[in-house]
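Let me begin by presenting the structure, written as structure tokens, before commenting on it.
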Amino acid sequence: MSDPAVIIEEEFTSNVKGDIIKRIFSLLALYKTRTAGFLFMIAFVSVSDAVFTYLSKLIVDQGIASGKMSRVLDIIAFYGGAALLQAAAVFSFIYLAGILGERVAYDLRKRVFNHLQDLPFSYFDRTPVGWIMSRVTSDTAKISELLTWGLVDSTWGVLNITTSVIFMMLINVKLALMVTGILPFMIGAAFFFQKKILKHSRAARKQNSRITGFYSETITGVKIIKSLNREAKNLEEFKRESDKMYDASYKTALYSALFLPSVKIIGAFALCAIIWYGGTLKVSGAMSLGGIQAFIFYVAFMLWPIQDLARVWASMQGALASGERIFSLLDIVPEIRDRENSKVLSGIGAAIVFKDVSFYYSKDAPVLAGFNLTIQKNETLALVGATGGGKSTIVNLLSRFYEPVEGEILINGIDYRKFTLESLQSRLGIVLQTPHLFSGTIRENIRFGRLDADMAEIEGAAKLSMAHEFITGMEKGYDTEVGEGGGLLSVGQKQLVCLARAILSDPDLFIMDEATSSIDPVSESLIQSGLDKIMENRTSIIIAHRLSTIKKADRILVIAGGRIMEEGDHRLLLQKKGDYYRLYQEQFVKG
């Protein structure tokens, strides 16, 4: 299976790497004051917890044991004031951490999103959409969580352990050394179990992704499965994948069940040592009852931080893997970008020339080789031919979605790579075979062609594309929601809205790539009159399998194998009785 989620889970294998850690924490550079603020508040909370335990020792030793209730009241009054300050500190660090986390996630998502828009089509051709979506969503969230709550938990854990040890030293050095001697065993056990839990939970998530993909393929391909009698084989494969998930989940549950008792057993040894040795010190008068009680509390304070540190360390592996993926994406240098001293293209005022252009997606399979073509200003050029011949590649190169491997494309006599991408592509109006609309209303989608257009201009573009009639026939008209990807409209309706959007942009170069393939012949003939108006005094390129849409083109090129096999107008090519004639016969005579 090639489920993207499986690929993602398999990448969670990073060990701690200094350069990635530095880059992740460099994201906090813009928020030094907030970061310092919430770290200070965490430190205050941690130290105050240790102080409260020490105050409880003083209440026992200096108040209750000696019968001095005035001393107890004094300590309680101090305790109450400190508790109020601690409550304010807790609010502050939770608030600051929450705000900081959202800001970091926002900045990172924005940075990734902006970078994605600079990457060429070739990147999206070879990268699964699910992988990209995961970078923008889950990976940014993991890094944000590490930089805030991960930092909170680890700082709190380290400070709790440190302050507990310091206060234990203040009470009794020998007993403190005995307790701290057990710490390495507690830390070692915590990290051992967290490593095991992380390993098997990753395996479980990976298998879950596989099973989800298996479900999806089985449901969508149920007719094929039944027709080929694959039910028994599918059940066998499903059982095999489910057994792997059960095994991984079972081991995750087992190590999770062993984790807490193991740490608690080691902690129990520390408590036994305190009670035994502390008791002997109490009998000899070298230690107070309150001191023993405080030691017990300090050991308890160290148990949870050690577990938290192990958990943070485990989650840090995932955050580092997320960091590697995000930074590997951000480190990609766009193959197609503005060159130094790029000029602004003010308009396409002359012929467009392909000069000895060669291009390939794969080196061993060239699409164009030494291709030459001149498109005259205001000419309507049609490209026809079998799928895979190179028609869409010509348009993609002209739109600078890709660039020639060899040769050059000249606009106004200048290599188009010397113009800025924005100024070139803003001169193009493109309608693709597969229409795409954005979530929102029909009005918003048409206005996408020119954001400053008023309602009259939007309606004018819709009338030219023959979309106005079906739009006004809807209950909400131009305020009708199209749904995600235009899912609430038919394919033909989406195509008409896309045509209106391109018309509204008033481009210098109008490109239609199978743009009327999803529209019925009757509607197509109505649209054609509108298109004729659009193409007047404008350079236009039409890719079409329906030859009825290109009869009026000034010039028709038959493209095959990346070469121009024939060229001429409709009447001339029919007279030649070559490739175009055969295509025409297949559609209109044999059809």
Side-chain angles (χ1 to χ4, degrees), residues 129 220 380 382 384 392 395 399 425-553 587-588 591:
V129 174
T220 55
T380 297
V384 300
S392 292
V395 168
S399 304
Q425 293 174 349
S426 66
R427 296 287 167 185
L428 311 180
I430 304 174
V431 185
L432 302 174
Q433 179 178 6
T434 303
H436 180 81
L437 299 181
F438 300 93
S439 297
T441 65
I442 292 175
R443 182 203 313 272
E444 290 167 341
N445 271 278
I446 297 176
R447 184 178 277 138
F448 206 81
R450 184 159 54 84
L451 297 178
D452 61 351
D454 58 30
M455 195 58 211
E457 291 171 313
I458 291 171
E459 288 186 2
K463 287 175 181 176
L464 279 175
S465 72
M466 304 306 295
H468 182 73
E469 185 176 350
F470 93 78
I471 294 171
T472 52
M474 292 181 162
E475 183 180 350
K476 294 185 178 180
Y478 283 85
D479 292 320
T480 301
E481 292 286 334
V482 302
E484 184 177 353
L488 299 180
L489 302 181
S490 70
V491 176
Q493 288 172 334
K494 286 194 289 185
Q495 193 65 283
L496 295 177
V497 173
C498 289
L499 275 169
R501 182 171 63 198
I503 291 166
L504 185 64
S505 67
D506 192 25
D508 290 348
L509 175 61
F510 194 71
I511 299 172
M512 294 179 62
D513 188 351
E514 296 290 347
T516 58
S517 60
S518 303
I519 299 168
D520 62 87
V522 176
S523 298
E524 184 182 54
S525 63
L526 293 173
I527 293 170
Q528 195 62 50
S529 61
L531 291 177
D532 291 341
K533 294 178 182 178
I534 297 164
M535 293 177 185
E536 285 179 9
N537 302 317
R538 194 191 311 271
T539 307
S540 304
I541 298 176
I542 305 170
I543 297 177
H545 280 112
R546 284 188 192 171
L547 302 187
S548 59
T549 61
I550 59 169
K551 286 181 179 180
K552 296 181 181 179
Q587 285 192 23
F588 294 99

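For this chain, numbers begin at 1 and follow the sequence in order.
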Handout entry: Reference residue Asp506; test side-chain contact (heavy atoms from CB on, under 4.5 Å); the match among Glu457, Arg427, Arg538
Key = Arg538
Practice task
Please report the closest heavy-atom contact between Val395 and Ile511, naming both atoms and the distance.
Solution key: CG1-CG2, 3.4 Å
Practice task
State, yes or no, whether a side-chain contact exists between Ile541 and Leu509 at a heavy-atom distance under 4.5 Å.
Solution key: yes
Problem - Side-chain touch Asp508/Thr539, heavy atoms, less than 4.5 angstrom - result: no
Handout entry: Result of checking Ile503, Leu499, Ile471 against Ile446 for side-chain contact (heavy atoms from CB on, under 4.5 Å)
Key = Ile471
Exercise for the section: Taking atom CZ of Phe448 as the centre, report whether more than 12 heavy atoms of other residues, nucleotides or ligands fall under 6.0 Å from it. Expected result: no
Handout entry: side chain to side chain contact (heavy atoms under 4.5 Å, CB included) assessment of Val482 paired with Asn445
Key = CA-CA 9 Å; Val482 302; Asn445 271 278; 3.6 Å; yes
Problem - Candidate pair Tyr478 and Thr472, rule side chain to side chain contact (heavy atoms under 4.5 Å, CB included), full reasoning - result: CA-CA 7 Å; Tyr478 283 85; Thr472 52; 4.3 Å; yes
Exercise for the section: Without swapping roles, check the side chain of Arg447 against the backbone of Ile458 for a donor-acceptor pair under 3.5 Å. Expected result: no
Completion exercise
Closest heavy-atom pair, Arg501 versus Leu437, reported as atoms and distance to 0.1 Å, is NH1-CD2, 3.9 Å
Handout entry: Any donor-acceptor N/O pair, Gln425 side chain to Ser399 backbone, under 3.5 Å
Key = yes
Handout entry: Nearest non-hydrogen partners of Gly429 and Pro507, listed with the distance
Key = N-CB, 3.2 Å
Practice task
May I ask you to test the Ile442-Gln493 pair for a side-chain heavy-atom distance under 4.5 Å?
Solution key: no
Handout entry: Closest non-hydrogen atom pair, Ala500 against Ser465
Key = CB-OG, 3.4 Å
Problem - Stepwise ring pair (Phe, Tyr, Trp, His ring centres under 6.0 Å) test for Phe438 and His436 - result: CA-CA 7 Å; Phe438 300 93; His436 180 81; 5.1 Å; yes
